**Q** 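Encoded as structure tokens, here's the structure I'll be asking about.
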Amino acid sequence: MKTRSILICLLLVCGGILSAAELLVEAESFKHKGGWVVDQQFMDQMGSPYLMAHGMGNPVKNAFTEVTFRESGVYNVYVRTFNWTSPWSDGEGAGRFKISINGEELSTVLGTTGKKWLWQLAGKIKIQAGMTKISLQDLTGFNGRCDAIYFTTDAAKLPPSDLTSLNLFRKEKLGIPEIPKNAGTFDLVVIGGGVAGISAAVSAARLGVKVALVHDRPVLGGNNSSEVRVHLGGRIESKPYTELGSLQKEFGPLRGGNAQPEDYYEDEKKAAIIEGEKNITLFSNYHAFAVEMNGNKIHKVIAKHIETGMEMAFEGAVFSDCTGDGTIGFLAGADYKMGRESKVEFNERTAPEEADKLTMGASVQWYSVDKKEPVSFPIFKYGLSFDNLSSEKVTMGEWTWETGMNYDQINDFERIRDYGLMVVYSNWSFLKNEFKENNLYKNRALGWVAFISGKRESRRLLGDHILTENDLTNYRIYPDGSGSTTWTIDLHYPDPDNTKYFPGAEFKSIAKHKPIHPYPVPYRCLYSRNIENLFMAGRNISVTHVALGTVRVMRTTGILGEVVGMAASLCKKYGETPRDIYTNHLEELKELMLVGVGRKGLDNNQRYNEGSTLGDYKP
Ligand SMILES: Cc1cc2nc3c(=O)[nH]c(=O)nc-3n(C[C@H](O)[C@H](O)[C@H](O)COP(=O)(O)OP(=O)(O)OC[C@H]3O[C@@H](n4cnc5c(N)ncnc54)[C@H](O)[C@@H]3O)c2cc1C
């Protein structure tokens, strides 16, 4: 496997590039991150990855870097940040931090103000030409965030705030070339390295396809990574294609459980399987944000490194959107749906009378650990109050902690994630500081709180077939039935007990299950109906909201990813499109599905199916 990471690390020092008496420094390009994390989740909405002080209430270690100023002078220092608790509280924000230049602290406390991302003036400082150290000092441990720092000798010259101008400004000041670097030409470009993306990439590679895997985190696995900590659900090796899914035995974690310690998720196995495939080039830390089209075909996907901002173009014959959010399809103009369909649209019993925007929510999972002695937690009150009745008396929170069902899971996602953090901290603060019977909590500290929020639903790209509830419950089998979905139709709703105390702002969910018989998902759900060379695998395939309830679990997304990889190999063999494989080569695809791509002879222990719910519905 070739990797670009080393080259990119070398480019980090170019985070700041000089022009006259101004300098722009991207926080995510800081050489030493200290305890700050790089958060790229909202870059399409707010413009950039940023550094965040995710200390769970304990101030994190300073982040610092060195940049060269060519001119001495008195500089005005602007920091792009905002008060992330502002949607819930008018007071000063929870995520406070300061900036120091060459060890001299600027007095303004940052992250305190603004309801949206803005340039906050940190102060003025005299800087000598030459190497200069910039440090970020976290004051609270509560998710202060810094996107960029702009130094200017001209106090009147603020960087732009609207996203289009700001993007141009960044590119110019950071010296990002107008034309992205060519990453190469591939048979298949897979975007998104969750279980679906890994499976699609490996399956194709083993069938002789040259693959680029573009993934916007340092760690592979998506929701099953140690960054999100969701365990695998669903069954592998189900009829009629009993070899599908065996691939997952090579990289799937052996243990189950949500919100467990990091090692449960075995990130290293996912890295190893990709590393072991000579036909895959992994581009980790690259976020795809644009496409170049050739008619209704994608010609190139453009991705940006989440630390250096450097851009790369990936040319491919076919592409697979495994981003979860259907981002590549959206950028390409693919037909998609989001929210719930009305009952009449597909004649689904479980659908609501009227279509609406409700989706399943996102989860910030967390747990606490026993410190064996009393440990304090700061009072965290930013507009959300808990009492004996409304508080959750728990030491961890997993899938039921779910936010944002009523919000837009793409455009409001930062707020949705932040509400996830708000409720964890506010509830914990109540248990630690106000709850009278707090014996269970007084020796405990927050041990892990996710900052990558696990998403369940957003865009669903539309294919030549849209899988519906009726397909599943009437067991309507199509000639292109492929990998089987085995989980129940598992849909989430706000928890009525939580609604009592937080109407419209629920953060707990309930699941309603409808059993199904294992059902072979039509291949036509796995490619776009209007973008000719676009496959999709993962939760963004062609299904209704109701049908998403079953196909969204990761053993199933992996199986369907494998099918995409097989179909991509046929696209290469015949120089044809995903639809042509259905029309002209379905029998050959079936042969590939019968054989599978997983290594033979691996332990077929039941544990690979642990945590799955097999419906008892019989057609
Ligand atoms: C709390 C919770 C509990 C759940 N419980 C279960 C369960 O018990 N069992 C189960 O199997 N499933 C469960 N699910 C559902 C399951 O996790 C998701 O449906 C599944 O992860 C979707 O897979 P995916 O590959 O489409 O997306 P993801 O797992 O999200 O992977 C997509 C990856 O693509 C990357 N990416 C996104 N956009 C870009 C871009 N533009 N450029 C480059 N990379 C990009 C992302 O960083 C991410 O890592 C749960 C989900 C949640 C949130």
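The structure displayed is predicted, hence computed values, not measured ones. Every heavy atom of this structure was used, including side-chain atoms; hydrogens, water molecules and symmetry mates were not. Order of listing sets the numbers, starting from 1, for every ligand and every atom in it.
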**Q** With sequence neighbours left out, what residues match Asp418 under side chain to side chain donor-acceptor pair (under 3.5 Å)?
**A**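 For Asp418, the residues satisfying side chain to side chain donor-acceptor pair (under 3.5 Å) (neighbours in sequence not counted) are Arg145.
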**Q** Please identify which atoms of ligand 1 are closer than 4.0 Å to at least one heavy atom of Gly233.
**A** 9 (N), 10 (C), 11 (O)
**Q** Is Lys210 close enough and on-axis enough to Phe186, meaning under 6.0 Å and within 45°, for cation-pi?
**A** yes
**Q** Heavy-atom contacts with Cys322 under 4.0 Å: which atoms of ligand 1 show up? List them by number with element.
**A** 32 (C), 34 (O)
**Q** Hey, is ligand 1 close enough to Trp399 that some N/O pair sits below 3.5 Å?
**A**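 No; the residue has no nitrogen or oxygen that sits under 3.5 Å from a nitrogen or oxygen of the ligand.
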**Q** By number and element, which atoms of ligand 1 are closer than 4.0 Å to a non-hydrogen atom of Val553?
**A**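 Checking each atom against Val553, I get 10 (C), 11 (O), 12 (N).
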**Q** Quick check, are the ring centers of Tyr419 and Tyr407 under 6.0 angstrom apart?
**A** no
**Q** Regarding atom 3 (C) of ligand 1: of the candidates Arg456, Lys455, Met360, Lys304, which has the closest heavy atom?
**A** Arg456
**Q** Are Arg459 and Phe330 in a cation-pi contact, defined as NZ or CZ under 6.0 Å from the six-membered ring centre and within 45° of the axis?
**A**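 So Arg459 does make the cation-pi contact.
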**Q** Near His287, which atoms of ligand 1 are under 4.0 Å from a heavy atom of that residue?
**A**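 Per the distance check, 40 (C), 41 (N), 42 (N).
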**Q** Tell me which one of Val190, Ile191, Asp216 gets a heavy atom nearest to atom 44 (N) of ligand 1.
**A** Asp216
**Q** Please compare Gln41, Arg552, Gln365 and report which has the shortest non-hydrogen distance to atom 19 (O) of ligand 1.
**A** Arg552
**Q** For Trp448, check side chain to side chain donor-acceptor pair (under 3.5 Å) against everything at least two apart and list the hits.
**A** none
**Q** Between Ser569 and Val209 (side chain of the first, backbone of the second, donor and acceptor by atom type, cut-off under 3.5 Å), is there such a pair?
**A**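 No, the answer is negative, given that no donor and acceptor are paired below the 3.5 Å cut-off.
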**Q** When you compare ligand 1 with Arg539, is there at least one nitrogen or oxygen pair between them that comes in under 3.5 angstrom?
**A**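 Yes: some nitrogen or oxygen of Arg539 is under 3.5 Å from one in ligand 1.
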**Q** Find all atoms of ligand 1 within a distance of less than 4.0 Å from any non-hydrogen atom belonging to Tyr286, and give their numbers and elements.
**A** 42 (N), 43 (C)
**Q** Judged by non-hydrogen atoms, does Gly234 sit under 4.0 Å from ligand 1?
**A**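 So Gly234 does not count as touching ligand 1.
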**Q** Ignoring hydrogens and angles, state whether a donor on the side chain of Asp471 or His465 is under 3.5 Å from an acceptor on the partner side chain.
**A**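 Judged by distance alone, the side chains do pair up.
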**Q** Give a yes-or-no answer on whether the side chains of Thr499 and Glu506 include a donor-acceptor pair shorter than 3.5 Å.
**A**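 Distance-only check passes for Thr499 and Glu506.
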**Q** Should one rank Ala196, Gly361, Ala288 by closest heavy-atom distance to atom 25 (O) of ligand 1, which comes out on top?
**A** Ala196
**Q** Using 4.0 Å as the upper bound for N to carboxylate O, is an ion pair formed by Asp490 and Lys514?
**A**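 Between Asp490 and Lys514 there is no salt bridge, as every charged N stays at least 4.0 Å from the carboxylate O atoms.
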**Q** For ligand 1, is Trp487 a contact, meaning one of its heavy atoms is under 4.0 Å away?
**A** no
**Q** Consider every N or O of Thr557 and every N or O of ligand 1, then say whether any pair is closer than 3.5 Å.
**A**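 For ligand 1, there is no N or O atom that lies under 3.5 Å from one belonging to Thr557.
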**Q** Any salt bridge linking Arg206 with Glu277? Criterion: basic side-chain nitrogen under 4.0 Å from a carboxylate oxygen.
**A** yes
**Q** Any atoms of ligand 1 less than 4.0 Å from a non-hydrogen atom of Met554? List them with their elements.
**A**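 In order of number, 10 (C), 11 (O), 12 (N), 16 (C), 17 (O), 20 (C), 21 (O).
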**Q** Should Gly221 be counted as touching ligand 1, given the test is an N or O pair under 3.5 Å?
**A**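 Looking only at distances, the answer is no, because the N/O contact criterion of under 3.5 Å is not met.
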**Q** Where the closest heavy atom to atom 53 (C) of ligand 1 is concerned, which of Ala511, Gly326, Gly197, Gly454 has it?
**A**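 Ranked by closest heavy atom to atom 53 (C) of ligand 1, first place is Gly454.
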**Q** Show me which atoms of ligand 1 lie under 4.0 Å from any heavy atom of Gly538.
**A** 26 (O)
**Q** Say whether Glu341 and Thr544, considering side chains only, have a donor N or O and an acceptor N or O under 3.5 Å apart.
**A**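 Result is no, nothing qualifies.
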**Q** With atoms numbered from 1 as shown, which atoms in ligand 1 lie under 4.0 angstrom from a non-hydrogen atom of Val214?
**A** 43 (C), 44 (N)
